[in-house]
Participant: 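Shown below is the structure under consideration.
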Amino acid sequence: MKRIFSLLLVCTMCLSMVGCSSKTNETQNAETKNAETESAETSADDAAAKADGSGVVSAAVGEPFQVDAKYGSYLITITGIEETDWWERKHNNEKKSVILLNYEVENINFSSILSEGVKVEYDLFRIVDSKGGTLSPFLWYFDDVSAADTVKPGEKASGSIPYVLERNSEYFDVTFTRSTGDVAKVRVDM
């Protein structure tokens with residue numbers, strides 16, 4: 001009789017432990033859902049800045065976006081695009097024109113053994129006109145605009161990069177890209 005009573009007592013204890021365990025899991029699940037909801041609400045602004053699920057930020061002209069790299073971070077701001085007479089000055093014809101992509105860079109803390117700061121060059125941008133054509137770089141500078149310099153940590157600078165424009169365009173889609181993929185897209189009206 002004692003054995004049967006002991007066996008019933010052990011079974012009752014096991015069942016009560018299973019019941020407590022499921023309540024603990026329900027509490028943990030509720031806490032996890034609350035944390036996920038708070039995280040989703042906290043990152044709602046970040047999600048709004050994303051163009052799609054790819055993680056590419058959609059920024060406006062004059063709005064900085066942050067670039068996080070292995071050796072630090074920096075901010076890039078596309079400030080506009082302006083048309084020049086550089087094609088005519090270089091080639092003595094008006095078959096094409098040259099635009100300048102104007103930008104600002106603020107080096108937060110980027111520095112590596114290869115570079116003491118950020119140097120923004122044409123290969124960091126992909127520019128597509130309103131008709132879907134990709135612009136190629138114009139590898140020539142005139143005195144009215146200088147080539148980009150290296151921006152050291154804690155410093156800000158502005159610059160311009162020339163691109164060849166083969167036809168009129170209502171706007172340009174500018175994509176800032178790195179070897180790891182696209183970082184941000186900015187639509188610039190002409």
Participant: Through direct or indirect side-chain contacts below 4.5 angstrom among Ile, Leu, Val, Met, Phe, Trp and Tyr, which residues connect to Leu114?
Facilitator: Ile113

Participant: Considering only Ile, Leu, Val, Met, Phe, Trp and Tyr, and joining two whenever side-chain heavy atoms are under 4.5 Å apart, list the other residues clustered with Ile108.
Facilitator: Leu75

Participant: Is atom NZ of Lys131 surrounded by more than 12 heavy atoms (other residues, nucleotides or ligands) closer than 6.0 Å?
Facilitator: yes

Participant: Can you give me every donor-acceptor pair (side chain of residues 154-167, partner residue at least two apart or in another chain, under 3.5 Å) with its distance?
Facilitator:
residue : atom : partner : partner atom : Å
Glu155  : OE1  : Lys152  : N            : 3.3
Ser160  : OG   : Asn102  : OD1          : 2.5
Tyr163  : OH   : Tyr122  : O            : 3.0
Arg167  : NE   : Asp129  : OD2          : 3.0
Arg167  : NH2  : Asp129  : OD2          : 3.4

Participant: Would Val128 and Val98 show up in the same hydrophobic cluster when neighbours are defined by side-chain heavy atoms closer than 4.5 Å?
Facilitator: no

Participant: What do the steps show when you test Phe138 against Trp87 for side-chain contact (heavy atoms from CB on, under 4.5 Å), and what is the final call?
Facilitator: CA-CA 9 Å; Phe138 183 74; Trp87 185 269; 3.8 Å; yes

Participant: Among residues at least two apart in sequence or on other chains, which ones pass side chain to side chain donor-acceptor pair (under 3.5 Å) with Thr177?
Facilitator: Asp182

Participant: Hey, could you give me the CG/CG distance between Leu101 and Leu135, rounded to the nearest 0.5 Å?
Facilitator: 10.0 Å

Participant: Mind checking what makes ring-ring contact (aromatic ring centres under 6.0 Å, His included) contact with Phe110, not counting sequence neighbours?
Facilitator: Tyr74

Participant: Measure the acute angle between the ring planes of Phe125 and Tyr103, then classify it against the limits of 30° and 60° as parallel, tilted or perpendicular.
Facilitator: tilted

Participant: Under the side chain to side chain donor-acceptor pair (under 3.5 Å) test, which residues partner Ser73, sequence neighbours left out?
Facilitator: Asp68

Participant: Assess the residue pair Ile76 and Val183 against the criterion (side-chain contact (heavy atoms from CB on, under 4.5 Å)); give the C-alpha distance rounded to whole Å, side-chain angles, the decisive distance to 0.1 Å, and a yes or no.
Facilitator: CA-CA 10 Å; Ile76 298 287; Val183 176; over 6 Å; no

Participant: Mind checking what makes side chain to side chain contact (heavy atoms under 4.5 Å, CB included) contact with Asp173, not counting sequence neighbours?
Facilitator: Tyr171, Arg187

Participant: Quick one: pull up NZ in Lys119 and CG in Leu124 and give me the separation to the nearest 0.5 Å.
Facilitator: 11.5 Å

Participant: Quick one: list whatever passes side chain to side chain contact (heavy atoms under 4.5 Å, CB included) with Ser111, sequence neighbours left out.
Facilitator: Pro153

Participant: Please check if the number of heavy atoms outside Asp123 that lie under 6.0 Å from its CG is greater than 12.
Facilitator: yes

Participant: Give the minimum heavy-atom separation between Thr150 and Ser115, together with the two atoms involved.
Facilitator: CG2-OG, 4.1 Å

Participant: Which value, rounded to the nearest 0.5 Å, describes the distance between Trp86 atom CH2 and Phe142 atom CZ?
Facilitator: 7.0 Å

Participant: If you apply the rule side-chain contact (heavy atoms from CB on, under 4.5 Å), what do you find for Phe65 with Val186, and how did you get there?
Facilitator: CA-CA 10 Å; Phe65 55 87; Val186 179; 4.2 Å; yes

Participant: Going by the salt bridge (Lys or Arg N to Asp or Glu O under 4.0 Å) test, which pairs reach into residues 132-142, not counting sequence neighbours?
Facilitator: none

Participant: Report the residues that fulfil side chain to side chain contact (heavy atoms under 4.5 Å, CB included) with Thr180, sequence neighbours left out, ordered by chain and then residue number.
Facilitator: Arg178

Participant: Once you round to the nearest 0.5 Å, how far does CD1 of Ile78 lie from CZ of Phe172?
Facilitator: 13.0 Å

Participant: Between Ser112 and Tyr71, is there a donor-acceptor pair closer than 3.5 Å when you use the side chain of the first and the backbone of the second?
Facilitator: no

Participant: Among residues at least two apart in sequence or on other chains, which ones pass side chain to side chain donor-acceptor pair (under 3.5 Å) with Ser136?
Facilitator: none

Participant: Rounded to the nearest 0.5 Å, how far apart are CD of Glu116 and CG of Asn107?
Facilitator: 10.5 Å

Participant: Which salt bridge (Lys or Arg N to Asp or Glu O under 4.0 Å) pairs, counting each pair once, include a residue from residues 73-87, with sequence neighbours left out?
Facilitator: Asp85-Arg89

Participant: List the atom of Glu63, the atom of Thr77, and the distance in Å for their closest heavy-atom pair.
Facilitator: N-CG2, 3.9 Å

Participant: So, taking the atom named OG in Ser97 and the one named CG in Asn168, what distance separates them when rounded to the nearest 0.5 Å?
Facilitator: 7.5 Å

